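Following: one structure in structure tokens, then a few remarks.
Everything quoted here is computed from the prediction, not taken from an experiment. Excluded from the calculations below are hydrogen atoms, water molecules and symmetry mates; all remaining heavy atoms, backbone and side chain alike, are included. Naming convention: chains lettered A, B, ... in sequence-line order (proteins, then strands); numbering from 1 in each chain.
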There are 2 protein chains.
Amino acid sequence: MKITRAAEYAIRCMVYLVRKGKGTLVSRREIAHQAEIPAQFLAKIAQELARAGFIEIRQGAKGGFVLINEPKEMNLLEIVETIIGEISLNESSALLDFCSDPNQCPVHSVWTDATSQLRDTLQGVTFDKISKKGSCISIEKPKSDK
Amino acid sequence: MKITRAAEYAIRCMVYLVRKGKGTLVSRREIAHQAEIPAQFLAKIAQELARAGFIEIRQGAKGGFVLINEPKEMNLLEIVETIIGEISLNESSALLDFCSDPNQCPVHSVWTDATSQLRDTLQGVTFDKISKKGSCISIEKPKSDK
DNA sequence: TAAATTTAGGACCTTAAATATCTTGTATGC
DNA sequence: GCATACAAGATATTTAAGGTCCTAAATTTA
Ligand code: SF4
Ligand code: SF4
């Protein structure tokens, strides 16, 4: 399963919320506009993030999204896999029945190892680390909201 | 770009040829049957492998594929990228214009780093290492060819 | 409490890519 | 010359991504 654009959008959304601060309500419109995400598509993505417990969604006028967790308690892997499911590089590393006897195959372990390596790398990137540096996603100034 | 089934087939094909030995002619039919690859699809894949200089294709009666290089001079990355193009985990690590200023974004480097890590891992797996171990792809016995 | 705002959730659409298969042509060996 | 085996381009088929539309529901505010 490949890392989709939806996963990328989810990360952008979380980065934006993290930089606004835990507990701060931000409208979907603002996030969509600032992080350059199609608004309706963001709705879908946010629903999954909410179901997974990363954000809270408030409906109605003055609604929007709120970050629930501490940035240091969230990592890229969690967010990505919330959207696209468990990462696997190919069918060999995912489907047990793609081949007759994967246990005997030297290539198979390469895929499973590489997949683990990738997952570990992403797991090591927490959102507090991310937010300490600069970002190409600009944060809209308070009071200048439209 | 994700690692496709076609790439997996290409690897299976190369593993089969490596185990038969450099310079040994093997019919497409045999490879397709033993490595469980659709014969016509294998033809397409083999053409790309041939164009990239990994195998030679012999036409006509008693035609087939022949491994050109030493197994230790070939690695998984080469084969995979011959089929699917340069590996990149997502659009962030591939498209320069997906975001306004990638240089400023802390997440962007995660993707490029993770992509490099993956490519390095695959590059380190040469076919001589692979063929030293067992494989789920069984090799058809000489004389018992059908 | 009616109206305005904002998201929810499901249905639907569009495009692109993977995964082949078909058909016709060409090279080779006997 | 004829059977065999691959070449190469055209043509499905299937799957998924990426996104839009529409009606309902929740919340605020006048
Ligand atoms: S990696 Fe090996 S076991 Fe896995 S599908 Fe490929 S050939 Fe089969
Ligand atoms: S990783 Fe950063 S620079 Fe790259 S596309 Fe995502 S937000 Fe933009």
Side-chain angles (χ1 to χ4, degrees), chain A residues 1-13 17 25-33 35-52 54-66 80 83-85 87-92 94-95 98 145-146, chain B residues 1-13 17 25-33 35-52 54-66 80 82-92 94-95 98 145-146:
Chain A
M1 196 170 285
K2 89 173 188 200
I3 296 168
T4 64
R5 191 174 284 209
E8 170 77 16
Y9 288 153
I11 294 171
R12 284 199 205 171
C13 173
L17 286 173
L25 183 136
V26 188
S27 75
R28 189 183 70 182
R29 172 190 297 274
E30 179 182 333
I31 300 174
H33 182 253
E36 296 176 71
I37 306 171
Q40 301 267 43
F41 199 11
L42 174 58
K44 299 291 173 208
I45 294 165
Q47 282 159 34
E48 295 186 77
L49 292 174
R51 241 177 273 132
F54 296 113
I55 64 174
E56 180 197 329
I57 301 179
R58 300 220 185 114
Q59 283 197 56
K62 290 277 180 182
F65 309 150
V66 180
V80 169
I83 305 300
I84 68 170
I87 288 177
S88 66
L89 293 174
N90 56 12
E91 299 190 67
S92 284
L95 302 180
F98 185 46
D145 289 10
K146 47 177 120 103
Chain B
M1 196 170 284
K2 87 173 190 200
I3 295 169
T4 64
R5 191 175 285 207
E8 170 78 16
Y9 288 154
I11 293 170
R12 285 199 204 172
C13 173
L17 286 172
L25 183 136
V26 188
S27 76
R28 189 184 69 183
R29 170 190 298 275
E30 178 182 333
I31 299 174
H33 181 255
E36 296 176 71
I37 305 171
Q40 301 268 43
F41 198 11
L42 174 58
K44 296 292 172 208
I45 293 166
Q47 282 159 33
E48 294 186 78
L49 292 174
R51 241 176 274 133
F54 296 113
I55 64 174
E56 180 198 329
I57 300 179
R58 299 219 186 115
Q59 284 197 55
K62 288 279 177 182
F65 309 150
V66 180
V80 169
T82 293
I83 305 299
I84 68 171
E86 184 165 325
I87 288 176
S88 67
L89 293 174
N90 55 12
E91 298 190 68
S92 284
L95 301 180
F98 185 45
D145 289 10
K146 46 179 113 100

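Scanning for side chain to side chain contact (heavy atoms under 4.5 Å, CB included) contacts around B:Ala52 gives B:Phe54, B:Thr82, with sequence neighbours left out. For A:Arg58, the salt bridge (charged side-chain N to carboxylate O under 4.0 Å, His left out) criterion is met by A:Glu56, not counting sequence neighbours. For the salt bridge (charged side-chain N to carboxylate O under 4.0 Å, His left out) test, no residue two or more places apart in sequence or in another chain qualifies with A:Glu48.
Within residues 40-48 of chain A, the residues approached by DNA chain D to less than 4.0 Å at the level of any non-hydrogen atom are A:Gln40, A:Phe41, A:Lys44, in residue-number order. Residues from residues 54-62 of chain B that place a heavy atom under 4.0 Å from any atom of DNA chain D, listed by number: B:Ile57, B:Arg58, B:Gln59, B:Gly60, B:Ala61, B:Lys62.
Distance B:Ile3 CD1 to C:dA17 P: 18 Å, rounded to the nearest Å. Taking atom CG of A:Asn90 as the reference point, atom P of C:dA18 lies 14 Å away to the nearest angstrom. If you measure from atom CD1 of A:Ile31 to atom P of C:dT6, you get 13 Å, rounded to the nearest angstrom. Remark: P of C:dT19 and CD1 of B:Ile83 are 12 Å apart, rounded to the nearest angstrom. Rounded to an integer number of Å, the gap from OH of A:Tyr9 to C1' of D:dG18 is 8 Å. Rounded to a whole Å, the CD1 atom of A:Ile84 is 20 Å from the P atom of D:dT15. Distance, A:Leu25 CG to C:dT5 P: 17 Å, rounded to whole Å. In this entry the distance linking CG of B:Leu49 with C1' of D:dC6 reads 15 Å, nearest Å.
With values rounded to the nearest 0.5 angstrom, A:Phe65 atom CZ is found 5.5 Å from A:Ile31 atom CD1. Remark: B:Lys2 NZ to A:Thr4 OG1 distance equals 11.5 Å, nearest 0.5 Å. Distance check: A:Ile11 CD1 to B:Asn90 CG gives 7.5 Å after rounding to the nearest 0.5 Å. Rounded to the nearest 0.5 Å, atoms NZ (B:Lys44) and CD1 (B:Ile37) are 15.0 Å apart. For the atom pair CG of B:Leu42 and CZ of B:Arg29, the computed distance is 12.5 Å after rounding to the nearest 0.5 Å. Within the model, atoms CZ of B:Arg5 and CD1 of B:Ile3 stand 14.5 Å from one another, a figure rounded to the nearest 0.5 Å.
One finds no side-chain N or O of B:Arg28 lying less than 4.0 angstrom from the OP1 or OP2 phosphate oxygen of D:dA5. Applying the 4.0 Å criterion to OP1 and OP2 of D:dC6, one finds that B:Arg29 has every side-chain N and O outside that range.
The side chain of B:Thr4 approaches C:dT19 more closely than any other nucleotide in the set C:dT19, C:dT21, D:dC6.
Using a 4.5 Å heavy-atom cutoff, the side chains of B:Ile83 and B:Leu49 are in contact. Counting heavy atoms from C-beta outward, B:Cys13 and B:Ile45 have side chains that stay 4.5 Å or more apart.
Helical stems of DNA chain C (runs of at least 3 Watson-Crick or G-U pairs, donor-acceptor distances under 3.5 Å) are listed by first residue: C:1-30 with D:1-30.
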